[in-house]
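Report on the structure given below.
Per chain, numbering begins at 1; letters A, B, ... match sequence-line order. Below, each value reflects all heavy atoms present in this structure, side chains not excepted, and no hydrogens, waters or symmetry copies.
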There are 2 protein chains.
Amino acid sequence: MSDPQASPSGLDDLDLRILAALVRQPGRSNKALAAELGVAESTCAYRVRLLRSRGVIAGVRVVLDPAALGLPLQAVIRVRLGRHTREGVGRLFDSLERTPGVIEVFHVAGEDDFLVHVAVEDAAALRDIVLQHITVHETVRTTETHLVFERREGIGPLARVMP
Amino acid sequence: MSDPQASPSGLDDLDLRILAALVRQPGRSNKALAAELGVAESTCAYRVRLLRSRGVIAGVRVVLDPAALGLPLQAVIRVRLGRHTREGVGRLFDSLERTPGVIEVFHVAGEDDFLVHVAVEDAAALRDIVLQHITVHETVRTTETHLVFERREGIGPLARVMP
DNA sequence: GTTGAAAACAAGCACAC
DNA sequence: GTGTGCTTGTTTTCAAC
């Protein structure tokens, strides 16, 4: 009942507290982390290493500000395909993720097939991405470009799991 | 002509190489970074600090694997509004970003108003998010939920700026 | 699974170029 | 704007619990 291994994923209370602290404030020292959680530094470092090797911590990302790089315009491009061959879809996906300015790509079910989030310098660059990198693929039937007014990060997955 | 300050954003060649190295492999020591780029450690640390304070480096994120946390289902929920009052839109945006499981939210122009990327445990949880956190808002007219088959990170903004 | 302590390592700072 | 040397702090390791 008072088992600290409460989570379905085999994460105990300390694991979850470590994850929460790391997500809230990444880049702090292991020493500071251990102090806040009230455990030894070696324990904290050990748990973090374990969480990494288990894949719970998928990685660390350095986030750049597209606007500061001269790319003030963001858009989500909805891509709809005609023929859905496995090779065609795979090739398009590969191509999209390698296109300069593409931040992320979703392969989704439903009306659309791909959602492509891009950052570009201006409207002309946006048009060029659509014409030169997306609609050139034979499998693509239509695209719809939606300007992004604002993008916010959510509270995230951990909030669904935490006590 | 051979001005190393080639970028429009006032970033010189070293800045760009630092950013590229950081994005490719975050979390490495300043010492290792400086060694790879062939500059002094102090120079490297100084530049990184400058890039941070200028906001070019927006921050660092710890990325968790939703599936490893017991949230194997991801979806993008397209949200369309009825009345578009400034307060209604703002309140919905605030509410969405605080909803457990929400990874990111886009406020977009066009047919849809919001795109909400979520990770959940199962279909029932997905339904509950839509019913309890989205359609409860008076401003929301319709939603469409798209299952995410796969999500990939793109090569990113830097690839548009790099030589 | 957890700990403290020692040894190896990296970061930050002031200063010289 | 860049390199150097010293001081401080942090990560790693490991025997022991």
Could you give all pairs that pass the side-chain hydrogen bond (donor to acceptor under 3.5 Å, both in side chains) test and reach [range], with sequence neighbours left out?
| range | value |
| --- | --- |
| residues 19-36 of chain A | A:Arg28-A:Glu36 |
| residues 97-106 of chain B | A:Arg151-B:Glu104, A:Arg152-B:Glu97 |
| residues 121-132 of chain B | A:Arg160-B:Glu121 |

Original post:
Do B:Ile57 and B:Val63 share a hydrophobic cluster (ILVMFWY, side-chain heavy atoms under 4.5 Å, transitive)?
Top reply: no
Original post:
Earliest and latest nucleotide of DNA chain C, 5' to 3', sitting under 4.0 Å from a non-hydrogen atom of chain B?
Top reply: C:dA10 to C:dA11
Original post:
Quick one: is D:dG1 close enough that its OP1 or OP2 comes under 4.0 Å of any side-chain N or O from B:Tyr46?
Top reply: yes
Subject >> Qualifying residues under ring pair (Phe, Tyr, Trp, His ring centres under 6.0 Å), relative to A:His117, sequence neighbours excluded >> reply: B:Phe106
**OP:** Kindly write out the residues that satisfy ring pair (Phe, Tyr, Trp, His ring centres under 6.0 Å) with A:Tyr46, not counting sequence neighbours, or none if the list is empty.
**Re:**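 For A:Tyr46 there are no ring pair (Phe, Tyr, Trp, His ring centres under 6.0 Å) partners, ignoring immediate neighbours.
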**OP:** Give the rounded distance in Å between these two atoms: CG of B:Asp13 and P of D:dG1.
**Re:**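 So the CG-P distance, B:Asp13 to D:dG1, works out to 15 Å.
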Original post:
Which ILVMFWY residues are connected to B:Val89, directly or by a chain of links, through side-chain heavy atoms under 4.5 Å apart?
Top reply: B:Leu73, B:Ile77, B:Val79, B:Leu81, B:Leu92, B:Phe93, B:Leu96, B:Val102, B:Val105, B:Phe114, B:Val116, B:Val118, B:Val120, B:Leu126, B:Ile129, B:Val130, B:Ile134, B:Val140, B:Leu147, B:Phe149
**OP:** List, by chain and number, the other hydrophobic cluster members for A:Ile155, where Ile, Leu, Val, Met, Phe, Trp and Tyr join if side-chain heavy atoms come within less than 4.5 Å, directly or indirectly.
**Re:** none
Original post:
Can you name the residues that form a side-chain hydrogen bond (donor to acceptor under 3.5 Å, both in side chains) with A:Glu111, not counting sequence neighbours?
Top reply: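 Checked A:Glu111 against side-chain hydrogen bond (donor to acceptor under 3.5 Å, both in side chains); matches are B:Arg78.
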**OP:** List for me each residue that meets salt bridge (charged side-chain N to carboxylate O under 4.0 Å, His left out) alongside A:Asp15, sequence neighbours excluded, and say none if there are none.
**Re:**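 Listed in chain order: A:Arg47, A:Arg54.
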Original post:
How does protein reach along nucleotides 6-17 of chain D, written 5' to 3' as B (base within reach of a heavy atom under 4.0 Å), S (only sugar-phosphate), or - (no contact)?
Top reply: ----SB-B----
**OP:** Whenever both distances are under 3.5 Å in a Watson-Crick or G-U wobble pair, mark it; put DNA chain C into dot-bracket that way, with [ ] for crossing pairs and | when the partner is on another strand.
**Re:** ||||||.||||||||||
